[in-house]
Amino acid sequence: NHVPLQSMEILFWFFLLFGFYSIGIFSPAKVHQVFFNYRGEELRENFVSHLTDAFERHEIKFFIDKDEQRGKDLKHLFVRMEESSIALAIFSTRYPESTWCMEELVKMKKLEEQGKLQVIPIFYKVEAQDVRGQEGKFGENFWMLARASSGEQIKEWKEALEYISKKMGLSLGDKSSEADFVKKIVQEIQKVIEAIGSRGRKISFWEKIKKGRNI
């Protein structure tokens, strides 16, 4: 018995489309371009507010935790993070007071290591070396939180702080212009977004077909 030609064509297109989906050609696009990781009580009403206003003016899509419904847990924030292409880790003096900030940072490190997220550290009136080594006022706040935390948590937090703070980022000093700093961040984010788009365009149709055969 022969399979009708029409049925063979249907099967061919089914498996071809299934292969395309499995290798990402038809996978859903990232919902957000930028995920914000920051100490809300310290920065929400000033620096971060100015930064998000600038993002909106330049049509940069972002997620910030004030958009999340009250009562939800970290898992929902992790989903938002996975929906993003870039994460801003905005380190400030009070950043390590928050367990949520630290747990988000650990997740960001894991996603970047998997090639699923690009993390950019922002040092807001805090030295990168203090973040890296948990020193100064930043370190005092970190160790205060650590006293009420488990050994495994502290290990993961320290590893994430060291990993992220070693990356090339942007720094604002005590006497620097915050308005100029916001402009600089916007420019850098635009460059990264363009670079991500450029990398995506370089992967040809036939390269994806080849990858699909190896799945």
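Remember, it's a predicted structure, so these values are computed and weren't measured experimentally.
Contact annotation: the side chain of Ile122 never approaches that of Tyr38 to less than 4.5 Å [non-hydrogen atoms, C-beta and beyond]. Put simply, the side chain of Arg44 reaches to within 4.5 Å of the side chain of Asp65, judged on heavy atoms.
Within the structure, the salt bridge (charged side-chain N to carboxylate O under 4.0 Å, His left out) test picks out the following pairs touching residues 84-99 (sequence neighbours left out): Arg39-Glu97, Glu41-Arg94, Arg94-Glu97. Here side chain to side chain donor-acceptor pair (under 3.5 Å) pairs that include residues 164-175, with residues two or more places apart or in two chains, are Glu112-Lys167, Glu162-Lys166.
Qualifying ring pair (Phe, Tyr, Trp, His ring centres under 6.0 Å) partners for Tyr124, counting only residues two or more places apart in sequence or in other chains: Phe47. With sequence neighbours left out, the side-chain contact (heavy atoms from CB on, under 4.5 Å) criterion links Glu59 to no other residue. Judged as a side-chain contact (heavy atoms from CB on, under 4.5 Å), and not counting sequence neighbours, the contacts of Ser177 are Ala179, Asp180. For Lys75, there are no salt bridge (charged side-chain N to carboxylate O under 4.0 Å, His left out) partners, not counting sequence neighbours. Annotation: side-chain hydrogen bond (donor to acceptor under 3.5 Å, both in side chains) contacts of His50 (sequence neighbours excluded): Glu178. With sequence neighbours left out, the side-chain contact (heavy atoms from CB on, under 4.5 Å) criterion links Glu127 to Gln129, Asp130. Scanning for side-chain contact (heavy atoms from CB on, under 4.5 Å) contacts around Ser149 gives Leu145, Gln153, Ile154, Trp157, with sequence neighbours left out. Considering only residues two or more places apart in sequence or on other chains, Phe36 meets the ring pair (Phe, Tyr, Trp, His ring centres under 6.0 Å) condition with Phe55, Phe62. Residues that satisfy the side-chain hydrogen bond (donor to acceptor under 3.5 Å, both in side chains) test with Glu45, not counting sequence neighbours, are absent from this structure.
Nearest heavy atom pair, residue Lys125 against residue Gly173, reads CG-O, 4.1 Å. Residues Pro96 and Met102 come closest through the heavy atom pair CA-SD, 4.1 Å. Nearest heavy-atom pair across Glu104 and Leu77 is OE2-CD1, 3.2 Å. Between Arg80 and Ser84, the shortest heavy-atom distance links the atoms O-OG, 2.9 Å. Scanning both residues, Ile90 and Tyr95, for their nearest heavy atoms gives O-CD1, 3.3 Å.
Cluster membership check: Trp143 shares its hydrophobic cluster with Leu105, using side-chain heavy-atom separations under 4.5 Å among Ile, Leu, Val, Met, Phe, Trp and Tyr. Residue Met144 is not grouped with residue Trp100 when hydrophobic side chains (ILVMFWY) are merged at heavy-atom distances under 4.5 angstrom, including chains of intermediate members.
Glu188 and Lys184 are not joined by a salt bridge, as no carboxylate oxygen comes within less than 4.0 angstrom of a charged side-chain nitrogen.
A distance-only check finds a donor-acceptor pair linking the side chain of Ser98 to the backbone of Cys101 [under 3.5 Å].
Taking CZ of Phe78 as the start and NZ of Lys110 as the end, the distance is 8.0 Å to the nearest 0.5 Å. One distance of note links CD1 of Ile60 with CD1 of Ile189; it measures 6.5 Å at 0.5 Å rounding. Atom CZ in Arg57 sits 9.5 Å away from atom OG1 in Thr52 (nearest 0.5 Å). Rounded to the nearest 0.5 angstrom, Glu194 CD and Ile196 CD1 are separated by 10.0 Å. If you take CG on Leu88 and CD1 on Ile120, they are separated by 6.0 Å, rounding to the nearest 0.5 Å. Of the inter-residue distances, the one linking Ser92 atom OG with Leu172 atom CG reads 11.5 Å to the nearest 0.5 angstrom.
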For this session: Could you walk me through whether Lys109 and Glu113 pass salt bridge (charged side-chain N to carboxylate O under 4.0 Å, His left out), step by step?
Result: CA-CA 6 Å; Lys109 172 181 178 286; Glu113 288 175 333; 3.0 Å; yes
What pairs of donor and acceptor atoms, side-chain ones from residues 133-141 against any protein atom, are under 3.5 angstrom apart with sequence neighbours left out?
| unit_1 | atom_1 | unit_2 | atom_2 | d |
| --- | --- | --- | --- | --- |
| Gln134 | OE1 | Lys158 | NZ | 2.7 |
| Gln134 | NE2 | Val131 | O | 3.3 |
| Gln134 | NE2 | Arg132 | O | 2.9 |
| Asn141 | ND2 | Thr93 | O | 2.9 |
| Asn141 | ND2 | Lys137 | O | 3.4 |

